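Note sheet for the following structure.
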Amino acid sequence: MRASQFHISTSKETPADAEVVSHQLMLRAGLIRRLASGLYSWMPMGLRVIRKIEAIVREEMDRAGGVELIMPAVHPAELWQESGRWQKYGPELLRLTDRHDREYCVGPTHEEVITDIARRELRSYRQMPVNFYQIQTKFRDEIRPRFGVMRSREFIMKDAYSFHLSEESLLQTFDDMHNAYCAVFDRVGLEYRPVEADSGSIGGAKSREFHVIADSGEDALAYSTGDDFAANVEKAEAISTATRQTPTAKMESVDTPKVHTIDQLTEALKVDVTKTIKTLLVKGAEAPVVALIIRGDHQLNEIKAEHIDAVLAPLTFADAKDIQAAANCDAGSLGPVGLTIPVIADGDAAAMSDFVCGANENGKHLQGVNWARDLPEPIVADLRNVVDGDPSPTGTGEIKIVRGIEVGHIFQLGTTYSESMKAAIPDENGEMQNMHMGCYGIGITRTAAAAIEQNNDDKGIIWPDAIAPFTAVISPIHMAKSETVKAAAEALYKTMKDAGVDVLFDDRPLRPGVMFADMELIGIPHRFVVSEKHIANNQLEYKGRRESEAEIIDIGDALGKLG
RNA sequence: CGGGGUAUGGCGCAGCCUGGUAGCGCACCUGCUUUGGGAGCAGGGGGUCGUAGGUUCGAAUCCUGCUGCCCCGACCA
């Protein structure tokens, strides 16, 4: 491609509203343009990246036995009503009405449509297992789109859905997909980690997320230093190793005016934060409210809390009125002593002795509190987020926390959708069986953003070769003034094109500094500079995007630099 | 949804407090000079100042409504 025939649109200035580096660089390099909140156009330079990621995904899906199809972006409401998600999905589902007053939604995911296809198309167990996939635009009406294409409303996703007669077959495909995803992210050239995850609203038994490791990631991941355990913090089990000590203090009330937070409490009473507990009231499944108890320095894990039977799902915090009714005080003075509602304590909180908590009376706290002696034993459950240094749930090593960007997610759905949508098939004995299902997603556009988060410097993007918009650029110095340079650059361009290299010929009549700055910002991995200086020796200058110094090579050796 | 901020040429911003001919940098166009790391000089084009109303002789500026965009938002016992 000749740069003069392409569209290159770079900017020196960083747009004011871009927060994260990938968003800033994508805008500056002219890869994307914003149309409205959470809606982006992919400009020619950016689209090349997307197409390369798609090609890798497609190859690996095909290799793993996937078959590609494409489904409509707009879905009739009836299908979603049948699965029950028309109600459950909430405001993230963009709903539309057509001229006949029929209701539709813009698909945020395609379980319903593919299940409808499966129940119509699959008539014999001999047709299974089968794994359909598509690469297509999705729409989710996010509350707060941000970080450019990292969390946009419209985005491109590869979604695959597999159908099986048996669970064993599903497990086999789930493993195959796990391996295919590893192959995809290996080829794209990212540092990533598969982690155990909660399956969330899609439902089903087991799921695994693929995260690109980056400090700007929205998810916290826990991994073990001792083995290959890795899980989303939402899912990672917290192991309590503490054992309760014998009480030494007697319970007494202390005045704590204006103390509403744990920080204020530790300051006022000069007590270590690990001797305090916090009490959170949430709506219960049966009781109106339930008390959740965690140590002062720990954080509630909402996902874990929501999975407890006594807790109402989705997790809802008690409001001021509920708190008054249950404890006769404000939220800042809550404690478990004397409560008549169910009290569920995290393992570490249940192992505490002589602790400090709210007195259920504004302006007062209790100290020297002990379970069993001053209040009943709580129900014990895992309620908190794991933290750095926790023992690994596998028993070897300790937990470390890193941040990640979720670029892939694979689920074992089981028979959730085949039951609600009646997708059954006769087995070898002619008996109808609900199909077992798996689903597997890769965020194509998000993968591009994640790659930039992980690969950039003060000059711009540094694309991994596999997904760079162009693998190499030829930058001639003052070609307009030198027939020699022009001839050599044209010849090199032809050689590279003939060799199948995805090369950009920067034939724009620009000063060298401008050309270099543009190509570094865009992040082309390999640069070949053709100039009068070296052409006489049949040489040119090569520089890798990550290298600080250029080297002089023979023109004939240029192709060798591209591996 | 709640809180905060913001809206002036393609991009980044000043002007607003204290009402009186809309300005700067980048980008763009023309010419000359320059030419290996985002050139210099000269000239030029482009803006209903988000929108609707109000106050006023006069509104980008003051007031009110609406809209867009950005940031923050259980973490609290």
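FYI, side chains are in, hydrogens and waters are out, and symmetry mates aren't considered; it's all heavy atoms of this structure. Quick note on labels: first sequence line is chain A, next is B, and so on, each numbered from 1. These numbers come from a predicted model, not from an experiment.
- At a cut-off of 3.5 Å, with distance as the only test, a side-chain donor of A/Ser9 or A/Arg33 sits close to an acceptor on the other residue.
- With respect to the salt-bridge test (charged N to carboxylate O, under 4.0 angstrom), the residues A/Asp219 and A/Arg403 do not qualify.
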Strictly under 3.5 Å: I want the nitrogen or oxygen pairs between protein and nucleotides 14-16 of chain B, one per line.
none

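- Taking atom C1' in both B/U8 and B/U51, one finds a spacing of 14 Å when rounded to whole Å.
- A donor-acceptor contact closer than 3.5 angstrom links the side chains of A/His526 and A/Asp465.
- Side-chain N/O atoms of A/Arg144 include one lying less than 4.0 angstrom from OP1 or OP2 on B/C72.
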Practice task
Walk me through it: do A/Met251 and A/Gln367 pass the test side chain to side chain contact (heavy atoms under 4.5 Å, CB included)?
Solution key: CA-CA 6 Å; A/Met251 180 169 80; A/Gln367 58 185 21; over 6 Å; no
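- Both distances falling under 3.5 Å, in either a Watson-Crick or a G-U wobble arrangement, occur for no nucleotide opposite B/C75.
- Near RNA chain B, meaning a heavy atom under 4.0 Å away, the residues from residues 479-495 of chain A are A/Lys481.
- With both ends at atom P, the span from B/G58 to B/C41 equals 44 Å, rounded to whole Å.
- Base contact: A/Glu541 has a heavy atom under 4.0 Å from a base atom.
- Using a 4.0 Å heavy-atom distance criterion, A/Ile277 is classed as a sugar-phosphate-only contact.
- Place A/Thr14 and A/Leu521 on RNA chain B by their nearest nucleotides, and A/Thr14 ends up nearer the 5' end.
- Look at the C1' atom in both B/G19 and B/C62: the space between them is 8 Å, to the nearest Å.
- Taking atom CZ of residue A/Arg384 and atom C1' of nucleotide B/C76, one finds them 19 Å apart after rounding to whole Å.
- Distance check on atom C1': B/U61 versus B/A22 gives 12 Å, rounded to whole Å.
- Distance from the side chain of A/Arg28 is smallest to B/G38 among B/C76, B/G38, B/C71.
- A salt bridge does not link A/Lys275 with A/Asp354: none of the charged nitrogens is closer than 4.0 Å to a carboxylate oxygen.
- Between B/C69, B/C76, B/G38, one nucleotide has an atom nearer to the side chain of A/Lys12 than all others, and that is B/G38.
- The salt bridge (Lys or Arg N to Asp or Glu O under 4.0 Å) analysis of residues 5-28 of chain A, with sequence neighbours excluded, yields no pairs.
- Taking the C1' atom of each, B/C57 and B/C69 are spaced 36 Å apart, rounded to whole Å.
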Practice task
Let me see the working for A/Phe155 and A/Val149 under side chain to side chain contact (heavy atoms under 4.5 Å, CB included), right down to the final yes or no.
Solution key: CA-CA 7 Å; A/Phe155 56 97; A/Val149 297; over 6 Å; no
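- Nearest nucleotide to the A/Glu520 side chain, out of B/G37, B/G38, B/G73: B/G37.
- For B/C70 and B/A27, the C1' atoms lie 24 Å apart once the distance is rounded to whole Å.
- Pairing partner, B/U34: none, since no Watson-Crick or wobble contact has both distances short of 3.5 Å.
- Base pairing of B/G47 is not made with any nucleotide, judged by Watson-Crick or G-U wobble geometry with both donor-acceptor distances under 3.5 Å.
- Residue A/Thr279 is in base contact, counting any heavy-atom pair closer than 4.0 Å across all strands shown.
- Look at CD on A/Glu13: it is 7 Å from C1' on B/G25, rounded to the nearest Å.
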Exercise for the section: May I have the step-by-step check of salt bridge (Lys or Arg N to Asp or Glu O under 4.0 Å) for A/Glu551 and A/Lys561, ending in yes or no? Expected result: CA-CA 11 Å; A/Glu551 56 180 309; A/Lys561 286 291 173 187; 3.0 Å; yes
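- Rounded to an integer number of Å, the gap from A/Glu19 CD to B/C70 P is 11 Å.
- Heavy-atom nearest nucleotides on RNA chain B were determined for A/Ala36 and for A/Ser333, and the one closer to the 5' end corresponds to A/Ala36.
- Rounded to an integer number of Å, the gap from CD of A/Glu142 to P of B/C70 is 13 Å.
- Remark: C1' of B/G38 and CE of A/Met519 are 13 Å apart, rounded to the nearest angstrom.
- Rounded to a whole Å, the CD1 atom of A/Ile477 is 13 Å from the P atom of B/A39.
- Taking atom C1' in both B/A42 and B/G9, the straight-line distance is 22 Å, to the nearest Å.
- The closest donor-acceptor contact from the side chain of A/Asp141 to the backbone of A/Leu94 lies at 3.5 Å or more, if one exists at all.
- Under the 6.0 Å distance and 45° angle rule, A/Arg48 does not count as a cation-pi partner of A/Trp42.
- Counted within 6.0 Å of CD on A/Glu377, heavy atoms from surrounding residues, nucleotides or ligands total more than 12; the atom is thus considered enclosed.
- Across the protein-nucleic acid pair, A/Arg146 atom CZ and B/C70 atom P stand 11 Å apart, rounded to whole Å.
- If you check every strand for non-hydrogen atoms under 4.0 Å, A/Arg527 touches a base.
- The nucleotide B/C17 finds no pairing partner, because no Watson-Crick or G-U wobble arrangement with both distances shorter than 3.5 Å includes it.
- In this structure, A/Val529 reaches the bases: a heavy-atom distance under 4.0 Å links it to at least one base atom across the strands shown.
- Remark: A/Ser37 is in phosphate contact with B/C70, judged by side-chain N or O atoms under 4.0 Å from OP1 or OP2.
- Taking the side chain of A/Val514 as heavy atoms from C-beta on, and the options B/C69, B/C71, B/A39, the nearest nucleotide is B/A39.
- Remark: the A/Gln24 side chain and the A/Thr14 side chain contain no N/O donor-acceptor pair separated by less than 3.5 Å.
- Within 4.0 Å of A/His260, counting heavy atoms only, lie sugar-phosphate atoms of the nucleic acid but no base atom.
- At the phosphate of B/A39, OP1 or OP2 sits under 4.0 Å from a side-chain N or O atom of A/Arg511.
- In this structure, B/A7 forms a base pair with B/U67, meeting either the Watson-Crick or the G-U wobble geometry with both donor-acceptor distances under 3.5 Å.
- Searching all strands for a Watson-Crick or G-U wobble partner of B/A27 with both distances below 3.5 Å returns nothing.
- Separation of the P atoms belonging to B/A52 and B/A60 is 13 Å when rounded to the nearest angstrom.
- Seen from the ring of A/Phe139, A/Arg153 does not count as a face-on cation partner, given the 6.0 Å and 45° thresholds.
- Straight-line distance from the CD1 atom of A/Ile32 to the P atom of B/G10: 20 Å, rounded to whole Å.
- Among the heavy atoms of the strands lying under 4.0 Å from A/Asp518 is at least one base atom, whether or not backbone atoms are also near.
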